[in-house]
Number of protein chains: 2
Amino acid sequence: MTVSKPAEKSAEKASEATKGRKEAPEGQSQGLAEALQLGELSEQLGYVLKRAQLKVFENFLRCMASLQLTPAQFSVLLLVEKNPGRNQTEIASTLGILRPNFVALLDNLESRDLCARIRSTNDRRSHILVLTDKGKAVLTRAKKLVATKHESRLNELLGQANREALLGMLSKIANEF
Amino acid sequence: MTVSKPAEKSAEKASEATKGRKEAPEGQSQGLAEALQLGELSEQLGYVLKRAQLKVFENFLRCMASLQLTPAQFSVLLLVEKNPGRNQTEIASTLGILRPNFVALLDNLESRDLCARIRSTNDRRSHILVLTDKGKAVLTRAKKLVATKHESRLNELLGQANREALLGMLSKIANEF
DNA sequence: CGATAATTGTTATGGATCATATCAAATATC
DNA sequence: GATATTTGATATGATCCATAACAATTATCG
């Protein structure tokens with residue numbers, strides 16, 4: 001059980017209700033729901049972090065809808081492009097994906113002709129990963145979508161300097177916590 | 001498939017290997033794996049955000065091991081404490097948890113006598129949620145653990161001012177993105 | 001060399017999380 | 001008072017994450 005997206009339905013009601021709000025006359029108030037107090041929750045880094053992460057992924061998926069790429073798939077394509085000739089174990093473990101779970105992910109990318117497994121001549125156990133031409137083309141388009149629709153919105157929201165500061169702090173947490 | 005924790009095994013090897021590294025004499029190099037280049041991945045906010053979130057949750061669970069509280073359970077206790085007398089729908093939706101999934105979570109907390117469902121007299125459909133005495137006591141201890149073991153480490157790592165700035169930016173993303 | 005150990009990709013499988021449809025009881029609406 | 005809505009709950013499926021085990025291949029070491 002983790003944190004998912006919050007509800008907005010009761011918020012609508014609340015906004016209706018809080019207008020003509022009486023000072024809680026006790027009793028059963030016929031009660032249109034009040035907005036709940038988050039209290040210390042809004043100070044919990046884990047809580048806010050998870051919420052933000054869900055929002056970012058959600059937006060990422062919307063931006064990538066035309067290419068049908070999930071964050072994980074995008075990260076694989078990026079990593080394979082940057083490190084061609086590596087095998088599944090290396091790519092997967094760098095991304096923190098367990099090898100068994102990486103198989104289906106790759107099956108998907110390969111079935112869409114974005115990525116290819118090539119038997120290594122050095123070590124015939126391993127599969128070298130490379131992007132296909134289509135894979136490179138799709139990745140190029142994906143990067144553009146991310147830059148123009150996704151990361152740009154973050155720059156609007158936070159400002160360039162803040163966005164970089166945020167990234168730095170998150171990296172620090174990811175690497176040194 | 002999302003981002004999980006990265007691997008360190010190949011990193012060990014790489015550190016061994018990169019010492020006496022030859023300038024890639026072509027061919028089959030007998031190859032001890034090199035550290036992979038993350039490239040643009042380390043600039044992707046979603047990627048770094050997810051990594052940081054996993055680390056924070058992981059640390060949270062370690063800090064709470066003695067109380068056996070997950071982040072989600074902790075958030076429920078916090079919210080019920082701050083908003084006593086609310087029903088399941090209100091608490092769940094505020095946390096972004098769907099009602100069906102909230103049932104088992106509550107069953108757990110109730111079976112451990114941390115939280116109680118009380119039939120509302122106003123609306124006999126709904127269950128009012130309250131913390132039990134044990135629930136209050138456990139929550140108090142949990143808060144202390146979080147403050148001393150969890151959030152304090154973040155202050156060490158980032159500094160007080162940065163930690164607050166981080167929280168502010170994440171809240172902004174969570175609410176306005 | 002040859003026996004044993006380790007690695008690679010894979011399958012099977014279970015757990016945890018998340019989402020939808022549906023239901024009975026209770027309440028609201030008209 | 002008939003109909004619609006809400007609440008908590010169950011059932012169920014999808015997705016993600018983790019472990020064990022296997023065949024093929026390679027590495028290790030006596």
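What you are looking at is a predicted structure, and each value in this text was computed from that prediction instead of being measured. Note on naming: letters A, B, ... go to the chains in the order of the sequence lines (proteins, then strands), and numbering restarts at 1 for each one. Only this structure's heavy atoms are used, side chains among them; waters, hydrogens and symmetry mates stay out.
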Legend entry - Whole-Å gap separating P (C:dC23) and CZ (B:Arg99): 17 Å
Inset, instruction - Provide, to the nearest angstrom, the distance between the CZ atom belonging to B:Phe102 and the C1' atom belonging to D:dA11. - result: 20 Å
Inset, instruction - Could you tell me the separation between the CG atom of A:Asn122 and the C1' atom of C:dT7, rounded to a whole number of Å? - result: 15 Å
Legend entry - Closest-nucleotide 5' rank along DNA chain D - winner of B:Gln88 and A:Ser120: B:Gln88
Legend entry - Out of D:dG8, C:dT8, C:dA26, whichever nucleotide has its closest atom nearest the side chain of A:Ser126: C:dT8
Inset, instruction - Assign each of B:Pro100 and A:Asn87 to its nearest nucleotide of DNA chain C by heavy atoms, then name whichever residue's nucleotide is nearer the 5' end. - result: A:Asn87
Inset, instruction - Give the rounded distance in Å between these two atoms: CG of B:Asn101 and C1' of D:dT10. - result: 12 Å
Inset, instruction - Could you say whether A:His127 or B:Asp123 is positioned toward the 5' end of DNA chain C, judged by the nucleotide with the nearest heavy atom to each? - result: A:His127
Legend entry - Least distance between heavy atoms, B:Met64 atom then B:Leu69 atom: CB-O, 3.4 Å
Legend entry - Short side-chain N/O contact to D:dG8 OP1/OP2 from B:Thr89, under 4.0 Å: yes
Legend entry - Separation of atom CG in A:Asn108 from atom C1' in D:dT15, rounded to whole Å: 13 Å
Inset, instruction - Look at the side chain of B:Arg125 and the base of D:dT6, then say whether one donor and one acceptor between them are separated by less than 3.5 Å. - result: yes
Inset, instruction - Check the distance between D:dT7's P and B:Ile118's CD1 and give it to me in whole angstrom. - result: 18 Å
Legend entry - Nearest-Å distance for atom pair CD1/C1', residues B:Ile97 and C:dA16: 14 Å
Inset, instruction - Using the side-chain contact (heavy atoms from CB on, under 4.5 Å) rule, take B:Lys143 and B:Leu78 through it: C-alpha gap first, then chi angles, then the decisive distance, then the call. - result: CA-CA 9 Å; B:Lys143 285 184 193 175; B:Leu78 267 185; 3.5 Å; yes
Inset, instruction - State which residue, out of B:Lys50, B:Glu43, B:Arg51, B:Gln44, fulfils the side chain to side chain donor-acceptor pair (under 3.5 Å) condition with B:Tyr47. - result: B:Arg51
Legend entry - Candidates C:dC18, D:dT26, C:dT10 - which lies nearest the side chain of A:Arg124: D:dT26
Inset, instruction - Classify the angle between the aromatic ring planes of A:Phe74 and A:Phe60 as parallel (below 30°), tilted (30 to 60°) or perpendicular (above 60°). - result: tilted
Inset, instruction - Mind calculating the distance between CG (A:Leu95) and C1' (D:dC16) to the nearest angstrom? - result: 15 Å
Legend entry - In one Ile/Leu/Val/Met/Phe/Trp/Tyr side-chain cluster, 4.5 Å: B:Val76, B:Val130: no
